[in-house]
Amino acid sequence: MALIMQPQWLPEPLREGYGLRHVSPLKRSTFVSGRSMPRRAYTATPTEVEARWLLDDGQAALFEKWFQEGLSDGVAWFACRLRSPLGMDYYKSRFTDIYDGPTLTNSNLWLITAPLEIYSRPLLADGWSEYPEGFLQANVIDLAANREWPRP
């Protein structure tokens, strides 16, 4: 089954209060002596996000119906456009609970706050830590390639 896409009318979440909270992949065993030994229990863990949207009347009405009908009251996974250190991208996400709101604001817009779960922590592909210059200087490489690349 194909992943449900976030509707085009749903804007980017507000920056205020936005942050990624990674679920810990570590397990800790405590010994009788008081010492403990940490170990990696998982290689793929989810990330939690609290998203807040400021919507007009029509968008808020559509959001509530999309949540109820399109996502089966928030149970279904969907491709949500979110910002991470990797930039804006679509991440496989779902709601972990029902949203708060809509709450009317001073500007006659509706504030909706919702807890989301990103399926897997947004990370660079394997191997990038061995060549950090390639990632950190990607804009220079992009400029050079586009300027110097021969045209057909």
Side-chain angles (χ1 to χ4, degrees), residues 1-28 38 40-149 151:
M1 181 177 204
L3 194 60
I4 300 166
M5 292 300 294
Q6 169 185 318
Q8 293 295 319
W9 48 262
L10 188 62
E12 179 180 342
L14 298 174
R15 291 174 183 241
E16 180 184 341
Y18 182 84
L20 306 177
R21 290 179 303 282
H22 304 302
V23 173
S24 176
L26 302 177
K27 290 291 179 188
R28 195 170 196 84
R40 183 166 74 170
Y42 312 103
T43 56
T45 57
T47 295
E48 298 168 348
V49 177
E50 184 170 293
R52 298 165 42 119
W53 291 280
L54 208 51
L55 308 173
D56 63 27
D57 291 340
Q59 289 171 324
L62 282 170
F63 178 87
E64 292 193 278
K65 193 58 181 173
W66 173 67
F67 181 88
Q68 185 258 334
E69 197 174 74
L71 298 179
S72 304
D73 279 322
V75 172
W77 289 98
F78 67 103
C80 187
R81 191 164 188 258
L82 298 170
R83 183 178 301 277
S84 78
L86 300 176
M88 288 295 288
D89 203 357
Y90 286 94
Y91 295 99
K92 183 177 177 181
S93 307
R94 70 176 167 192
F95 290 88
T96 58
D97 203 353
I98 193 162
Y99 53 88
D100 287 333
T103 305
L104 190 59
T105 64
N106 292 350
S107 56
N108 282 332
L109 294 173
W110 297 98
L111 178 66
I112 293 179
T113 305
L116 295 175
E117 171 187 11
I118 299 174
Y119 183 78
S120 187
R121 186 169 45 160
L123 294 172
L124 288 172
D126 290 345
W128 274 110
S129 60
E130 296 175 27
Y131 305 102
E133 300 82 19
F135 181 75
L136 295 173
Q137 301 299 324
N139 58 343
V140 175
I141 296 168
D142 185 49
L143 284 171
N146 285 317
R147 187 178 308 149
E148 304 299 328
W149 202 264
R151 302 227 188 278

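Please read all numbers here as calculations on a predicted model, not as lab measurements. Counting begins at 1 with the first residue of the sequence.
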Inset, instruction - Check the surroundings of atom CZ in Arg21: do more than 12 heavy atoms from other residues, nucleotides or ligands lie under 6.0 Å from it? - result: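 It does: Arg21 CZ has more than 12 such atoms within range.
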
Legend entry - Pro115 side chain reached by Glu50 side chain, heavy atoms, under 4.5 Å: no

Inset, instruction - For residues Trp66 and Phe78, determine if any side-chain heavy atom of one lies less than 4.5 Å from a side-chain heavy atom of the other. - result: yes

Legend entry - Contact summary for Met5 and Ala79, nearest pair of heavy atoms: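 Closest approach of Met5 to Ala79: SD-CB, 3.6 Å.
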
Legend entry - Pro122 versus His22, closest heavy-atom pair with distance: CD-CE1, 4.4 Å

Inset, instruction - Carefully, step by step, assess Cys80 and Tyr90 under the rule side-chain contact (heavy atoms from CB on, under 4.5 Å). - result: CA-CA 5 Å; Cys80 187; Tyr90 286 94; 6.0 Å; no

Measure from the side-chain N and O atoms of [X] to the backbone N and O of [Y], and report whether any donor-acceptor pair falls under 3.5 Å.
X: Thr47; Y: Ile118; result: no
X: Gln59; Y: Phe63; result: no
X: Glu64; Y: Ala61; result: no

Legend entry - Ala76: side-chain contact (heavy atoms from CB on, under 4.5 Å) partners, not counting sequence neighbours: Ile4, Leu71

Legend entry - Partner residues of Ser24 under the side-chain contact (heavy atoms from CB on, under 4.5 Å) criterion, sequence neighbours left out: Leu26

Inset, instruction - With sequence neighbours excluded, tell me which residues meet side chain to side chain donor-acceptor pair (under 3.5 Å) with Glu48. - result: none

Inset, instruction - Measure the spacing between CD1 of Ile112 and OH of Tyr99 and express it to the nearest 0.5 Å. - result: 6.0 Å

Legend entry - side-chain contact (heavy atoms from CB on, under 4.5 Å) evaluation trace for Leu54 with Leu14: CA-CA 7 Å; Leu54 208 51; Leu14 298 174; 4.1 Å; yes

Inset, instruction - Could you name each residue pair satisfying salt bridge (Lys or Arg N to Asp or Glu O under 4.0 Å) that touches residues 98-111, not counting sequence neighbours? - result: none

Inset, instruction - Can you run down the salt bridge (Lys or Arg N to Asp or Glu O under 4.0 Å) pairs that involve residues 73-93, sequence neighbours left out, and say none if there aren't any? - result: Glu12-Arg83

Legend entry - Aromatic centroids of Phe95 and Trp77 separated by under 6.0 Å: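 So the answer is no for these two rings.
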
Legend entry - Option passing side-chain contact (heavy atoms from CB on, under 4.5 Å) with Leu109 (candidates Thr103, Leu55, Asp56):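 So, applying the side-chain contact (heavy atoms from CB on, under 4.5 Å) to Leu109 and each of Thr103, Leu55, Asp56, only Asp56 qualifies.
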
Inset, instruction - Could you give me the CA-CA distance, side-chain angles and deciding distance for Leu10 and Leu62, then say whether side-chain contact (heavy atoms from CB on, under 4.5 Å) is met? - result: CA-CA 9 Å; Leu10 188 62; Leu62 282 170; over 6 Å; no

Inset, instruction - Enumerate the residue pairs fulfilling side-chain hydrogen bond (donor to acceptor under 3.5 Å, both in side chains) with a member in residues 107-125, sequence neighbours excluded, ordered by first and then second residue. - result: Asp57-Trp110, Arg94-Glu117, Thr105-Ser107

